[in-house]
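Because the structure is a prediction, the values reported are computed rather than measured. Just so it is clear: chains get the letters A, B, ... in the order the sequence lines come, proteins before strands, and each one is counted from 1.
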Number of protein chains: 2
Amino acid sequence: MSTGSPAHDGSARDVSRAGRLAAERLDVDRLDTGRLAAERPEGYDPRAFEPFAVTVDLAVFTIRAGQLHTLLIRRGEPPYAGRWALPGGFLHARESAEDAARRELAEETGLPDALVADLQLEQLRTYSAPDRDPRMRVVSVAYTALVPDLPEPAASGGGDADQARWTPVATVGPLAFDHAAILADALDRTGAKLEYTCVATAFCPPEFTLGELQQVYETVWGATLDRPNFRRKVLASPGFVTPVPGASRLTGGRGKPAALYRRGPATTLHPPLLRPR
Amino acid sequence: MSTGSPAHDGSARDVSRAGRLAAERLDVDRLDTGRLAAERPEGYDPRAFEPFAVTVDLAVFTIRAGQLHTLLIRRGEPPYAGRWALPGGFLHARESAEDAARRELAEETGLPDALVADLQLEQLRTYSAPDRDPRMRVVSVAYTALVPDLPEPAASGGGDADQARWTPVATVGPLAFDHAAILADALDRTGAKLEYTCVATAFCPPEFTLGELQQVYETVWGATLDRPNFRRKVLASPGFVTPVPGASRLTGGRGKPAALYRRGPATTLHPPLLRPR
DNA sequence: CCCTTTAATAGTCGAGGTGACTATAAAAAG
DNA sequence: CTTTTTATAGTCACCTCGACTATTAAAGGG
C-alpha cells in the first residue's frame, strides 16, 4: 500500500511471473499442485479437477449530474433474460484477467482505446460460490473502474446502444446472478479508497476545480464536506493535485471563477482524508 | 471497510449468491456471458472458452521467536521440483475458493479443525497471467491467513513433516511459480491491515500482554514503537482489547508482570494506528 | 453604474491525537 | 538491600482537523 498503484495494479507483475504447476486432465497423478501423492487425503475425487469457466465482471463508476452512476447491460438471453447485469465476459486463452477486463471495458463502453489503456482498474475480489451459475461452475474475477463523465453514453461501440446504460446506483434494481453483491462490494471499496488514495481524480476530466473534486467525495460518500477544510487538506497533500498556472473557469455561471488543477503524481494520501463519522 | 470483517470475508455471502451465466462447451452461441452475438468483435476465438484450472494459494503467517514466519512446502515433482512453494491446491467441484483455502490449510498444517474454522482468512488477489504455469492455464486465488505461534510445527497432519516448514520470511529463497510475488503482496497487505484493523490479535494466543501485541506490530512492520504511546493508543481504541480482570503474567522472567488482555469485539481501528514514517 | 447574490479563497481558534520524553511501580537477580 | 528489568503512569509541545468567520471576484438586477 505504501508506494504502489492505488489500484493495486498487478498486471505488469503478472506478465513477468513464472507459471504454476497445473492439472492435466488425463494425468491425475500430477494434478494436485504442491502436494505429494502421499499427502493426499483419502476419498480423493477425480472430479475435483473438473474444469472451470473463468470470467471477469466490471463495476464501472462515473459521476454524472451529481449522482454516482454505474454501467449496466441488459441481458438478452436466459438465465436472467431482460435483467440488468454488470458488463463482463470470458477470459480468452492467452490474456490475463486484467487484460480481459480492459478489453471488455473497451468493447462494451466504446471508449477510445487510449483512454482505456491508462485507466484506473482495480481488482476487487474473486467470486467463486459453486452455485453462482445454475448451469455450470463459473469463477469470476471482479474489477472496479472509475471513469470521468463521458460525452458519449456507453455502448457507442457499434452495438445495440439500448442494451448498455449508465444507471444511478441509487436506482439500481435487482441484478442478474450475484452482481448486486459485487456492486455493493465495489461501492464499499471505492468509498474506502477515496480515503487513503488519490483515485478521486479518476472521476474528473484532465483539468478540474477543487469544487468538482469535492463533489466526487461528496457523491461517493453521500456526505457534505466543509469547503475550506477540504481545500486545505487537498492542497496540503503533496502530489495530489498540481495547479494549472493562470487558468480558471466559471463554474456555475455566477460567482468567483475557480482555479484549475490537474491530477498530481502521488497515488496515496498521507495522512488519509477520512470521511466524516 | 467500515464495519465488515477485517479479512473481507465473503464466504457467507458467496454461498447465498445466485449463479452466473456460464459457458457450455458445445454451445458456443450461448457462451459469451452478458453480451449479445451482435456485439461480439470479429475474430472471435472459440478457444477463448478453453477451460481453466482454478487453484488457491495460501500465505500463512505466524510470529515465532520475534520473527515473522511463513508456511512453505517443498515440491516433490517437476516443475520446480525441490523448490519451496506456498501451500495450496485445486478447487473441488462443489466448494468455494474460501472453502478450498480453509480445507487446504487444515490438511497441510494439521491444525485442529475448530481452530481453522474461525480463522482470519482474507482473499488477497487472483493471479491469472497466462504463462504462470508452463503446462496449462491456471488461475489461482490467493488467501492470507494469520495464526498464533503453534505448539506443533506445520504438517503434523499425517504427512511427511519434512515437506512443510515454517520459514522466516527474511530468509525465504526463490519460490516456485509466481509465489514470491504472492508472498510479497501478502506481506504488503498484512502490514497495511495492521494499521486500520484489529487483525494483529490473530497472531496472539487467546490471552496476551500488550507487550506481545506490540511485538506483533514491530515484527510485521520491521520498526520499533514507543511502548507508552502504543499502550495509550491500543487502550484508547474501543473494542480492540478487553482486559482479563486480575490476571497477569511474568513476561521474560524479570520485571513487573504484565496485565493480560483478550481480543475485543472490534474489527476496525478508528482512528488508524499508522506505522512510523 | 451600484448593489445584491453567488461561489471561491483566506484566515482563525480550540479540541484532540500523537511523538518524544520522564517518572513510578513491581518483579527477579546478585 | 541494591541493582536490573519491565510494565505502567504522566507530561508537554506540535500538528491536524472540525467549525467558523472574513474577504475576493465574478454575474445579474435595478
Side-chain angles (χ1 to χ4, degrees), chain A residues 66 194-196 204 207-219 221 223-262 266 268-277, chain B residues 66 194-196 198 204 207-218 221 223-262 266 268-277:
Chain A
L194 290 194
E195 292 191 325
Y196 56 94
C204 298
E207 298 194 342
F208 52 88
T209 70
L210 292 186
E212 289 164 356
L213 186 63
Q214 181 176 348
Q215 258 210 357
V216 169
Y217 277 87
E218 293 182 331
T219 302
W221 285 349
T224 62
L225 304 175
D226 180 81
R227 190 156 3 202
N229 291 341
F230 178 82
R231 172 187 193 74
R232 188 211 315 170
K233 189 78 179 67
V234 169
L235 295 181
S237 298
F240 192 0
V241 296
T242 62
V244 180
S248 64
R249 192 207 313 160
L250 283 312
T251 54
R254 275 205 280 264
K256 180 176 177 176
L260 289 176
Y261 296 84
R262 296 177 179 275
T268 56
L269 239 40
H270 293 296
L273 204 162
L274 300 174
R275 71 188 107 183
R277 242 14 209 107
Chain B
L194 291 194
E195 292 191 324
Y196 56 95
C198 301
C204 299
E207 298 193 342
F208 53 88
T209 70
L210 293 187
E212 290 164 356
L213 186 63
Q214 182 176 349
Q215 259 211 353
V216 169
Y217 278 87
E218 293 182 329
W221 285 349
T224 63
L225 303 175
D226 180 81
R227 187 149 15 197
N229 290 342
F230 179 81
R231 173 187 193 74
R232 188 206 336 177
K233 190 77 179 69
V234 169
L235 294 180
S237 299
F240 192 0
V241 297
T242 62
V244 181
S248 64
R249 191 206 316 160
L250 283 314
T251 53
R254 276 205 282 261
K256 180 175 176 177
L260 288 177
Y261 295 84
R262 296 177 178 276
T268 57
L269 238 40
H270 292 297
L273 205 163
L274 300 174
R275 72 186 106 180
R277 247 351 200 135

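Donor-acceptor pairing under 3.5 Å, judged by distance alone, is present between the side chain of B:R232 and the base of C:dG19.
Atom CZ of A:R231 is separated from atom C1' of D:dT23 by 13 Å (rounded to the nearest Å). As a whole-Å value, the separation of A:R277 CZ from D:dG18 C1' is 13 Å. Summarising the geometry, the separation between CG on B:L235 and P on D:dG10 is reported as 13 Å, rounded to the nearest angstrom. In this entry the distance linking CG of B:L225 with C1' of C:dT18 reads 13 Å, nearest Å. Note: CD (A:Q214) to P (C:dA7) measures 13 Å, nearest angstrom. Between the CG atom of A:N229 and the P atom of D:dT16 there is a distance of 14 Å, given to the nearest Å. Remark: C1' of C:dG19 and CZ of B:R275 are 18 Å apart, rounded to the nearest angstrom. With rounding to whole Å, A:L269 atom CG is found 14 Å from D:dC17 atom C1'.
Checked by atom type and distance alone, the side chain of A:E207 never pairs as donor or acceptor with a backbone atom of A:V244 at under 3.5 Å. Side chain of B:E212 to main chain of B:C204: no donor-acceptor pair is present (N/O by atom type, distance under 3.5 Å, no hydrogens or angles).
Nearest to the side chain of A:P257, among D:dA25, C:dA25, D:dA19, sits D:dA25. You'll find that the side chain of B:D226 is closest to C:dC21, out of C:dT9, C:dG17, C:dC21. Here the side chain of A:A258 is nearest to one of D:dA19, D:dT8, C:dT9, namely C:dT9. With C:dT6, D:dC20, C:dA26 as the candidates, the nucleotide lying closest to the side chain of A:P228 is D:dC20.
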Check: After noting the C-alpha distance and the side-chain angles of B:C198 and B:L269, does the key distance pass the side chain to side chain contact (heavy atoms under 4.5 Å, CB included) rule?
Finding: CA-CA 6 Å; B:C198 301; B:L269 238 40; 3.5 Å; yes
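Of the side-chain N and O atoms in A:K233, none sit less than 4.0 angstrom from OP1 or OP2 of D:dT16.
Atom OH of B:Y217 and atom CZ of B:F230 lie 5.5 Å apart (nearest 0.5 Å).
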